[in-house]
Amino acid sequence: MTAIPANFPAPKRRRHSWRKTIEGYLFIGPVVLGLIIWTFGPMIASAYYSLTDYRIVQPPEFIGFGNYIELFTTDRLFIQSLSVTVRYGLMFMVLGQIVSLLLAVLLTQKVRGMAIFRTFFYMPIIVPYVASALLWRYLYNKDFGPINAVLQAIGLDPINWLGSPESSLFSMVIMSVWTGAVTTIIYVAGLQQIPEDLHDAAKIDGANAVQRFFAVTIPMLSPTIFFNVVTGFIGSFQFFVPAFLMTDGGPIKSTYFYNLNIYEKAFRWLEMGYASAMAWVLFIIIMAITVVLFRVSNRWVYYEGSNER
Amino acid sequence: MTTLTRPSLNAHAHNHQARRQKQLGMGAVYALLIIGSLIFMMPLIIMVATSFKSFSEINTYPPTILPNVWLPENYANAWNYQNTNFTRWTFNTLLIIAATLPGVILTSSLCAYGFARLEFPGRKVWFGLVLASVMLPPQVTLIPLYILFYNLGWLNTFYPLIIPAWFGGGALNIFLLRQFYMQIPRELDEAATLDGASHFTIWWRIYMPLSRPALISVTFLTVLGIWNDFLGPLIYLTSPENYTLALGLNMFQGLFITRTDYIMAISTLMVLPMIVMFIVAQRYVVQGFVTSGLKG
């Protein structure tokens, strides 16, 4: 207790802050070191490799922007994989957000036994990507798959889900919606935070359920929607395992995702420099999209307590 | 304010109508919930059912829902299939989990405490960098890390899958734990400080025990992440004796025949422990997903 006045003199404060600084960095030391060793260092290395011809067995040979020039001028697979990924991203964003949001609305209804239903809907999250990819490969099987059996049972023509370039990418989207319950979980959490009296007030004003959904739920939920759109879009650029296991990018490169392209360049052909350039192009695209989404978000995302829109 | 008096005009009729509407609504909600659950659970039900079917039954038209003949021996056959070693692969997976988890829990909570409770120059900058690192696509660092591990002689060992986790245990885990620590009343540490406790003691003796729910979330997300990881083992592990379960499962996908029956059996075995964990710890898990926002 007597020690407290001793803190007052000015000279001691400096020593104190040094001690605090060291203590602080001892605590966050692991992640500071981790970021330097596993993130920033590799980023710099990757930026350098992207300017080289590097096939691992020989030291990297500096070629300037050669890789980038080749990417944008002659590499048709690069364009194809980028287009596949963007089309998937857009389809998944629209379908995934709509389905997740509707499910979340359903899962926040006040009825008994909801906990059990939520467990059912969330369950696909824990299925390993390998297992879900192989499972859906079977479900989509043209001749013996359960989905086509259902279609034929109700008198529809079977679909060559993964085997035809028209439907293969959309088949991936459907599968991703099934595995994407994290989005639903986040919407459920967002919906639970909307104050009840807003709905009640709208009800008293005579708004029906659909009107309330668009006039209250959507605006109040807009930060959550925004979060899910951003993470969902970034996530779709990470799409790899199902394309690798189910279709290997086919048929005729219709599911040749950007990541699959990087993987093949780097680990099948050991073109490390070229693959690094591809990774950096991806990084810049993601950054640009994120910035645009944040800019646009000011127009439609409503944050409670802020007057600016 | 005027609206408050309105319902009393025709209170009885209004109530009656509202209740009927509510019941109708409830019925519709249950119907949708049941149909939706069926759709979402159907792939998993098919997975389990298929794991008991014979190879020929799987490859006949029209497909059956439940097996005509139940073959529990599929499980033993799958486990002992040629060129596979699922006992070894299970052991490898558990070994990686056991070696990773303490690192994730200790270092992420240590860092989270530093970010939540200590004042020092550079704290905000570093926390910003930790959060920004989530946005970085892993492909950017994948190749240099592969080359780094190649030069360290770590390829085809478990080190690339274990060691990085000991450096902060992942940005999202730090974020999740920091959120939790910020909610712990500061009076607790102030009382402990007056008793002469250092920050390290406060972290270890007060924050670690108090953050059990958050640590359970972190544990589950970590275990799930390792259990399900495919890309990491695919790139770093080359010889079959070092495979993990996720990588080994793909061994049934042959060039000429795909043993769907065995794939489904091992998939069922792989999913089962995670389902049990998920059901037991669902509250913490869902909270973890909500706070960290992203799939681990």
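Residue numbering restarts at 1 for every chain, and letters A, B, ... go by the order of the sequence lines. Only a predicted model underlies this, so the values are computations on that prediction, with no experimental measurement involved.
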Check each atom of [X] against the heavy atoms of chain B and say whether the ones under 4.5 Å are side chain, backbone, both or neither.
{"X": "A/Ala275", "result": "both"}
{"X": "A/Arg112", "result": "both"}
{"X": "A/Tyr138", "result": "side chain"}
{"X": "A/Thr183", "result": "neither"}
{"X": "A/Tyr48", "result": "neither"}
{"X": "A/Gln109", "result": "side chain"}
{"X": "A/Leu139", "result": "side chain"}

With chain B, which of [options] has the greatest number of heavy-atom pairs at distances under 4.5 Å?
{"options": "A/Ile234, A/Ile44, A/Val241", "result": "A/Val241"}
{"options": "A/Ile262, A/Leu245, A/Ile286", "result": "A/Leu245"}
{"options": "A/Met278, A/Met123, A/Lys110, A/Met114", "result": "A/Met123"}
{"options": "A/Ile37, A/Ile185, A/Leu106", "result": "A/Leu106"}
{"options": "A/Ser132, A/Pro128, A/Gly235", "result": "A/Pro128"}
{"options": "A/Pro30, A/Ala133, A/Ala153", "result": "A/Pro30"}

Closest-packed option against chain A by number of heavy-atom pairs under 4.5 Å, given [options]:
{"options": "B/Ala246, B/Gly114, B/Pro164, B/Ala112", "answer": "B/Pro164"}
{"options": "B/Tyr146, B/Phe127, B/Tyr150", "answer": "B/Tyr146"}
{"options": "B/Thr268, B/Asn59, B/Val130, B/Leu32", "answer": "B/Asn59"}
{"options": "B/Met277, B/Arg123, B/Met135", "answer": "B/Met135"}
{"options": "B/Thr50, B/Ile39, B/Ile174", "answer": "B/Thr50"}
{"options": "B/Asp229, B/Ile279, B/Leu136", "answer": "B/Leu136"}

Do the rings of [X] and [Y] sit parallel, tilted or perpendicular, given the 30° and 60° boundaries?
{"X": "A/Phe117", "Y": "A/Phe120", "value": "perpendicular"}
{"X": "A/Phe27", "Y": "B/Trp203", "value": "perpendicular"}
{"X": "B/Phe149", "Y": "A/Trp38", "value": "tilted"}
{"X": "A/Phe240", "Y": "A/Tyr263", "value": "tilted"}

Which bit of [X] comes within less than 4.5 Å of chain A, counting heavy atoms only: side chain, backbone, both or neither?
{"X": "B/Met274", "answer": "both"}
{"X": "B/Leu38", "answer": "neither"}
{"X": "B/Ile34", "answer": "both"}
{"X": "B/Tyr30", "answer": "side chain"}
{"X": "B/Ser133", "answer": "side chain"}
{"X": "B/Thr60", "answer": "backbone"}
{"X": "B/Phe115", "answer": "both"}
{"X": "B/Ile263", "answer": "side chain"}
{"X": "B/Leu148", "answer": "side chain"}
{"X": "B/Thr141", "answer": "both"}
{"X": "B/Ile58", "answer": "both"}

Just wondering, are more than 12 heavy atoms of other shown residues or ligands nearer than 6.0 Å to [atom1] in [X]?
{"X": "B/Ile45", "atom1": "CD1", "answer": "yes"}
{"X": "A/Ile116", "atom1": "CD1", "answer": "no"}
{"X": "B/Trp166", "atom1": "CH2", "answer": "yes"}

Please round to the nearest 0.5 Å and tell me the distance separating atom [atom1] of [X] and atom [atom2] of [Y].
{"X": "B/Trp89", "Y": "B/Ile266", "atom1": "CH2", "atom2": "CD1", "result": "9.0 Å"}
{"X": "B/Leu44", "Y": "A/Ile126", "atom1": "CG", "atom2": "CD1", "result": "7.0 Å"}
{"X": "B/Met251", "Y": "B/Tyr262", "atom1": "CE", "atom2": "OH", "result": "15.0 Å"}
{"X": "B/Cys111", "Y": "B/Leu106", "atom1": "SG", "atom2": "CG", "result": "10.5 Å"}
{"X": "A/Arg118", "Y": "B/Gln282", "atom1": "CZ", "atom2": "CD", "result": "9.0 Å"}
{"X": "A/Trp136", "Y": "B/Ile46", "atom1": "CH2", "atom2": "CD1", "result": "8.5 Å"}

In the structure I gave you, are the side-chain heavy atoms of [X] and [Y] within less than 4.5 Å of one another anywhere?
{"X": "A/Met43", "Y": "A/Trp280", "answer": "yes"}
{"X": "B/Ile143", "Y": "A/Tyr54", "answer": "no"}
{"X": "A/Ile174", "Y": "A/Tyr140", "answer": "yes"}

Exercise. Verify the ring-centre separation between A/Phe237 and A/Tyr258: is it less than 6.0 angstrom?
Key: no

